[in-house]
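Below, each value reflects all heavy atoms present in this structure, side chains not excepted, and no hydrogens, waters or symmetry copies. Every chain is numbered from 1, with letters handed out A, B, ... down the list of sequences. This structure is a prediction, so every number in the text was calculated from the model and none was measured.
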Amino acid sequence: MDRRKAIGGILAFTGISIASFTGYNFFYGTSNRGKLKNYKDLIAELVDVIIPPTDTPGAKEANVHDFIINFMESCSSNKEFNTFYNGLNDIQSTCLSDYNTVFQKCTNQQKIEVLKNLDTNQDSSSFFTKIDTKIRGRSFFNILKSLTIEGYCSSELGATELLSYVPVPGNYAAITAITPNQKAWATR
Amino acid sequence: MKNQTETNTFDAIVVGSGISGGWAAKELTEGGLKTLVLERGRNVEHLTDYITALKEPWEFPNRMHLTSKEIEERPVQSSHCNAGDMHFYVKDSEHPYIQEKPFKWIRGYQVGGRSLTWGRQSYRLSDLDFEANKKDGYGIDWPIRYDDLKEWYDYVEEYVGISGSSESIPHLPDGVFLPPIPLNAIEKHLKDSVSKHYTDRCIINGRVANLTDYKEGRGKCMYRNLCSRGCPFSGYFSSNSSTLLDAYNSGNVTLRENSIVKEVVYDEETKKAIGVTIIDAISKDEITYYAKIIFLNASAIATASILLNSVSKSFPNGLGNSSLQVGHNLMDHVVNEGTYGTFDGLLDKYYEGRSPGTIYIPRFQNLDSKTSNPNFIRGYGIQGKGEREHWDSKPTKGFGATLKAQLQKPGKWIISLGGRGEVLPYYENKISLDHQNLDQWGLPLVKVHFEYGENELAMIEHMTKSSEEILIKAGFKNVGSYRNSPPPGSAVHEMGTARMGNDPKTSVLNKYNQMHDVKNVFITDGSCMTSSACQNPSLTYMALTARACKFAIEQFKSNQL
């Protein structure tokens, strides 16, 4: 994930912002955004491969696809929207040509294969990834993965089951010993 | 919070209900004066109008993101707010201003103003600050010294509730503190490292207006770290949670929201202000209210614009502006974008609860001959926070069950540091009015002209370099900084536009924040600041307000005003 974003969050508490983080290239056109809803089932299957059900719920059960559609419809730049929408189209054509069916109907193994081929940036913090992102914008996979993580970790199921969420801590224990199965906090 | 009277005449009028206006309202009403508080924005009732305060993260359809439309309506404010608190920030589209050079004017037009969303950092100024202008010749001398303000710092701190630690640092005086918010493992590590490697600087617990103990009528901080949404426990200080409630309980206050002050009305015969004319924000009707005392607490830029728009025969350049200083000497604090680093150790340590506090490195440059810096005068402090990387900052690899496992564990420790430096008072940095461009109420738009000088730019460079060095010496890895400073105004500490001074020829206010030219007008918001120091300024505004109110009440009761 983007460290700049994290720092922005950290500094926000003192009233200082990272201006260039929210002041970036927004292109406000929102025409055609509604068409993303047609891909709701596909997005639901995709997020469930990124964050599958294990001993805790998966991203589909946490309705992460709804968040992604909301975000893409009303918050994303035209550039990211197009990257994302075209990426969905590409996935479906790949699946049709390679497996003769849509992504939703592929086997688990096939779904994983498709996403593995897109996850070319194994190390998202690498120098080349950063340069590439700067020039071409975030890749489809990068957008999908980071929105899935965000949507899931801030969903009720993700925050309370995979992670640990305490709405009203009441106290601040500044230094605690980590426990063997310590879960990360969902919020900060 | 309303007990409107039929009459248009009061003992005192306070313009603005933010952090200093709230104090003026409390002090004047408790002093027995019938007081009208005018607020240009909507009402915000304590507790009941904190509409997002108890929302869970998943109740926001776009999480904390603003929509493109919301950003379009808030091109300036959007960098400072999120989906949880944007209703406490103005829409720039409704309240335009002109930036002759980039300057962020962050505003909260509502009862309580920006006291709802402030950073809550509270530090005293010292004589290092009050004597600075006199010593190096920038700006004019302050008409007061620390001794004049000390008891008033005590007074407001006792009421506000500042958590902090006593440190015996001469240039950052100790105050009346509640127990400090403790440092976590990485912050403590950094503190130990700094005291080991440096003799000139140290790390202290940030001093914040969050209650670590109960105050009458207010609860303790619950460590949710969602302050800017308004606190359902009254765990931090705001006008809404404190001063305005006391003003109301005095029985002497009338609060009128949606009241945009157009001008202060001046009477040529008595040589005094006799009232203010407002425009009702909704009906657009003009109404004049009368009072013997007027406190302007609209915030530095807005207060100056009211003065400049209050033109009379005696004051063709704006009320009380015989010095021609009104609107000039605009200052903010210069901030860098921040420095960060990761730490490989201490993985067996964590924390419970979400601290609203910070660590603070008090100013360590140009304190004396040993710490003098060849590249700039004055100095800066550094604020910071340490935490462990979580899902929103942790680098991850791949997807599937392995990704989930990575997300489930707390990541490395990270620390971020950000400097806040003193800005010198330059006459050229100013606000003025554009009478050709009017807002929807027919009032001239504010024009802001602001640029950093070489001193500020040298300071940015130094705060970034020293922040990096501090982290590297403490064993941090991946230490880096963002090289660009956010636009001026980003610190939301604008001040200096109606400065205090001894000489009416070069200043607007005297040592009691009283206008030299118009004795019954007092200004105790950021406008009054003769220099900016590098400390977060709200505490000083509050202390100056309480002090000025005592003086004004005495003058009122002995019929001097």
P75(B), A401(B), G400(B), A185(B): which one forms the most heavy-atom pairs within less than 4.5 Å of chain A?
->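 It is G400(B).
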Is it the side chain or the backbone of [X] that comes within 4.5 Å of chain A heavy atoms, both, or neither?
X: C227(B); result: neither
X: L407(B); result: both
X: R114(B); result: neither
X: L347(B); result: backbone
X: F233(B); result: side chain

Interchain contact, T56(A) with chain B, by part (heavy-atom threshold 4.5 Å) =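 Its backbone and side chain both get close to chain B.
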What part of L115(A) is in contact with chain B, defined as an atom under 4.5 angstrom from a non-hydrogen atom: side chain, backbone, both or neither?
-> both
Can you tell me if [X] uses its side chain to pair, donor with acceptor, with the backbone of [Y] under 3.5 Å?
X: K145(A); Y: G398(B); result: yes
X: W185(A); Y: E352(B); result: no
X: K188(B); Y: I175(A); result: no

Nearest heavy-atom pair of [X] and [Y]: which atoms, and what distance?
X: G353(B); Y: P169(A); result: CA-CB, 3.6 Å
X: A184(A); Y: Y350(B); result: CA-OH, 3.3 Å
X: W58(B); Y: T160(A); result: CH2-CG2, 4.3 Å
X: S68(B); Y: S76(A); result: OG-O, 3.7 Å
X: Q182(A); Y: P410(B); result: O-CD, 3.9 Å

Answer yes or no on whether R63(B) is positioned over the face of F71(A), meaning its NZ or CZ is under 6.0 Å from the six-membered ring centre and within 45° of the axis.
-> no
Would R224(B) and V168(A) count as a side-chain contact (heavy atoms from CB on, under 4.5 Å) if you check the C-alpha gap in whole Å, the side-chain angles of each, and the deciding distance to 0.1 Å?
-> CA-CA 6 Å; R224(B) 302 176 340 126; V168(A) 184; 4.0 Å; yes
Mind ranking L163(A), V166(A), T179(A), N171(A) by heavy-atom pairs under 4.5 Å with chain B and telling me who comes out on top?
->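 Ranked by contacts with chain B, first place is N171(A).
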When the ring planes of Y172(A) and Y351(B) are compared, do they come out parallel, tilted or perpendicular, using 30° and 60° as the limits?
-> tilted
Answer yes or no: does atom CG of N181(A) have more than 12 heavy-atom neighbours from other residues, nucleotides or ligands under 6.0 Å?
-> no
Testing R354(B), E56(B), H390(B) for side chain to side chain contact (heavy atoms under 4.5 Å, CB included) with T187(A), which one passes?
->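 It is R354(B), the one option of R354(B), E56(B), H390(B) that forms the side chain to side chain contact (heavy atoms under 4.5 Å, CB included) with T187(A).
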Spacing of NE2 belonging to H65(B) relative to OG belonging to S74(A), to within rounding of 0.5 Å | 10.5 Å
Tabulate, in ascending numerical order, the residues of residues 36-55 of chain A having at least one heavy atom closer than 4.5 Å to a heavy atom of chain B, or enter 'none'.
->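 The stretch touches chain B at V49(A), I50(A), I51(A), P52(A), P53(A), T54(A).
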After noting the C-alpha distance and the side-chain angles of K385(B) and R188(A), does the key distance pass the side-chain contact (heavy atoms from CB on, under 4.5 Å) rule?
-> CA-CA 12 Å; K385(B) 198 173 181 95; R188(A) 61 183 189 196; over 6 Å; no
